[in-house]
Protein chains: 4
Amino acid sequence: MPTKKKEPQVTAAAARRRELLDTAAEVFAEQGYNATTVRTIADHAGMLAGSLYYHFDSKESMLEEILRTFLDELWAGYDAVLESELGPRETLEALVTESFREIDRHRAAVAIYQKENRQLAAQERFAFLADSQRRFEKAWLSTLERGVAADVFRPDLDVRLTYRFVRDTVWVAASWYRPGGQHSPEEIARQYLSMVLDGIAVRR
Amino acid sequence: MPTKKKEPQVTAAAARRRELLDTAAEVFAEQGYNATTVRTIADHAGMLAGSLYYHFDSKESMLEEILRTFLDELWAGYDAVLESELGPRETLEALVTESFREIDRHRAAVAIYQKENRQLAAQERFAFLADSQRRFEKAWLSTLERGVAADVFRPDLDVRLTYRFVRDTVWVAASWYRPGGQHSPEEIARQYLSMVLDGIAVRR
Amino acid sequence: MPTKKKEPQVTAAAARRRELLDTAAEVFAEQGYNATTVRTIADHAGMLAGSLYYHFDSKESMLEEILRTFLDELWAGYDAVLESELGPRETLEALVTESFREIDRHRAAVAIYQKENRQLAAQERFAFLADSQRRFEKAWLSTLERGVAADVFRPDLDVRLTYRFVRDTVWVAASWYRPGGQHSPEEIARQYLSMVLDGIAVRR
Amino acid sequence: MPTKKKEPQVTAAAARRRELLDTAAEVFAEQGYNATTVRTIADHAGMLAGSLYYHFDSKESMLEEILRTFLDELWAGYDAVLESELGPRETLEALVTESFREIDRHRAAVAIYQKENRQLAAQERFAFLADSQRRFEKAWLSTLERGVAADVFRPDLDVRLTYRFVRDTVWVAASWYRPGGQHSPEEIARQYLSMVLDGIAVRR
DNA sequence: GATGAATGAGATTTCATTCAT
DNA sequence: AATGAATGAAATCTCATTCAT
């Protein structure tokens, strides 16, 4: 087994980093990014505020890494869906399900994203948020349009409005969803999809 | 009995106050409450930071007044709907429509409410937010339950999940809605209701 | 008389600014820029550290303004000399005399300049220091070269070395010169010039 | 009696120490003592900041050792000159030449000394700097006075002013001198002496 | 009503130093 | 000898708030 000394250190350092980022994400989600002080994060991590700077450049760089990590994983999931070339309805179902899975895995990051996205995207450093949002919009809009063309989705709806409706509806769930609750992400996705696709009114 | 001279002054002062609150609300909505400095508000109002304290006690009291004003009007509208004792579907339609009207009238306040609600509600001073939310939940839940009982809404719905679904669906619109755009609030309400009630899938 | 209100405020504000910069310059010169805390400056100015930020953006911007103000005045003096097209020896005498006058007027700024110039010039923000130094070198070198060509200065000296010799010799004086002492700047200049031009050895 | 194995280790350790001090001196000279972080020194030495503390007590103790080493060597040279009881002009020539040799050997230390001397001398720990400066002044002043008395230096000189002139003239060279350049220290000394003794003007 | 200057508390960040491994 | 992680003190800077004018 090679380099018995170096390997575990790299891993341990990365693990610590991840640990601290998870802590930070939790606090950011709970109190809001601006309202969170680095001292609070450090308290939660059981260290002093200054010690965080051994691991990270700044409070902002923590935020950046949290969001990047989340978006990277999100897009890994989305891309897998998009590349499998399903029909529009199945694509929508798969995207919604994938979204709830991401909320399950990255609840804090999603909550932060939801709250801070608008302000952050204006900053150079967080341009990747705007990029992601554009790709996001393209993926959803084209799915909806394909669905209308294929007579799978109702043609009488404003597609952009529908896009916003579905998008926001799914993601705000991060603000109340608690992982490990009674519903699995797949179960919630199923119920959401049922409402979104067929409505809540009784069919006559 | 007040002199004829006093009246217009009081009104003028109240109007100025309202003007400043509108400005503040706009900035809070745009940048987030915490990220907004009193100086920024003052800049937008064409005065210096210190001058705001002639009109208001504190930054927080501005926030409070903005939210109270909004919720007062919201509940005036909601109460009118609830007191007219419509059927469950009609109640839901009326509540949704009323909500979009409020978004139209108080876009900034709604956006602030959406973003800051969670953190604020924990504070004594903003207990009225939690109260409102409880009343809100009660009104919606009972409407949905009445609807299920009356066989107007699907019986297989998880009512709490549906409540969150409808609530989020409506209010998130504040994050992208711009008053004076191409859709009137009533038009948007109609489309949202169509999606919520009948779904986006084509009926077979 | 126009605007009885605005005028004096502008002047008063500018005067205060100057006052604070003079204080800061004194402390920077005394303790070194890096070793000086804004608290120390504020103490000397009789205010709290945070209050300085009402007048200035940052500690660095104070330093910048101190150095710019000094160099602007220095160049006003130098340019007047250079434009009067004196002979090389008279030019050198005038430049040295002008330099001692500047040391007299801006002792602190000169001392700061001497100590921090090298490090600062590397920064974008302080590029004007490097610019100034280039003009400086050109002015002195050409004067010396003219002098050699006109058989006024010794031809057997390395001109660049001589330039450094004269330049540094004059400016380091700022580190010990105290305005209001027994020698006027003109008197010191006269004695320095006597040494620089004719040497300290007895002529045989 | 030490074992044969101990000796080379002691020497190796001392060599490492010297190496690190040279590195530190270089960085101090380049960036200024206060602006230099322990991390920067460690970077230049290819180790981590904490590791320096195996070799040295503190950043300040590194500075002290650098300056002490330099001054010890300087005084060894100066004392040799002073003890050989030369005439005043020859003494001055020898001291200047010795000074340029020290600049050549200890450029970084000289530059640090020049920049930090004033602030450091006030500290108890660096009292030796003030001591050295007093001896220095005495040596130079007496040489100049002997020279004036012996009709070797001009009688119209302000001796203190001349002392500062010569002192500054010599030592500032450390700010631009680069060892291994085109001029040897002896050559530079010769030219400086020529200027100081006979002036830069052509003799008529 | 509004300005200009200041306060004071607290936030982020830096950095010399320590110490277990 | 050196590393990696942390400490803790202090530095710069921000900002809501106050108050004399």
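Since the structure is predicted, the reported quantities are computational estimates derived from the model, not experimental observations. Here is the naming used below: chain letters follow the sequence lines, and residue numbers restart at 1 for every chain.
By the 4.5 Å heavy-atom criterion applied to side chains, Ser175(D) and Gln114(D) are not counted as neighbours. By the 4.5 Å heavy-atom criterion applied to side chains, Met47(B) and His55(B) are counted as neighbours. Residues Asn117(D) and Phe126(D) are not in side-chain contact: their nearest non-hydrogen atoms beyond the backbone lie 4.5 Å or more apart.
At the phosphate of dG4(E), neither OP1 nor OP2 sits under 4.0 Å from any side-chain N or O atom of Arg16(C). Taking only side-chain nitrogens and oxygens, Tyr54(C) comes nearer than 4.0 Å to OP1 or OP2 of dA5(E). OP1 or OP2 of dG4(E) has not a single side-chain nitrogen or oxygen of His55(C) nearer than 4.0 Å.
Between the C1' atom of dT12(E) and the CG atom of Leu63(A) lies a distance of 15 Å, rounded to the nearest Å. In this structure, Glu19(B) places its CD atom 14 Å from C1' of dG1(E), rounding to the nearest Å. Rounding to whole angstrom units, CG of residue Leu48(D) and P of dT21(E) are separated by 18 Å. Taking atom CZ on Phe56(B) and atom C1' on dA2(E), their separation rounds to 14 Å, with Å as the unit. Summarising the geometry, the separation between CG on Leu52(C) and P on dG8(E) is reported as 14 Å, rounded to the nearest angstrom.
Nearest to the side-chain atoms of Met47(C) among the listed nucleotides dT7(F), dG1(E), dT7(E) stands dT7(E).
Shown are Leu67(C), Leu21(C), Ile41(C), Thr23(C); of these, the side chain to side chain contact (heavy atoms under 4.5 Å, CB included) with Phe28(C) is made only by Ile41(C).
Within 6.0 Å of CD on Glu30(D) lie no more than 12 heavy atoms contributed by other residues, nucleotides or ligands.
Base-pair partner of dT21(E): dA2(F) (Watson-Crick or G-U wobble, both distances under 3.5 Å).
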Go through the steps for Glu65(C) and Arg68(C) under the test salt bridge (charged side-chain N to carboxylate O under 4.0 Å, His left out), then give the verdict. CA-CA 5 Å; Glu65(C) 194 164 338; Arg68(C) 274 195 194 278; over 6 Å; no
Would you give a per-nucleotide map of nucleotides 13-20 of chain F, 5' to 3', where B means the base has a protein non-hydrogen atom under 4.0 Å away, S means only the sugar-phosphate does, and - means neither? BBSSBB--
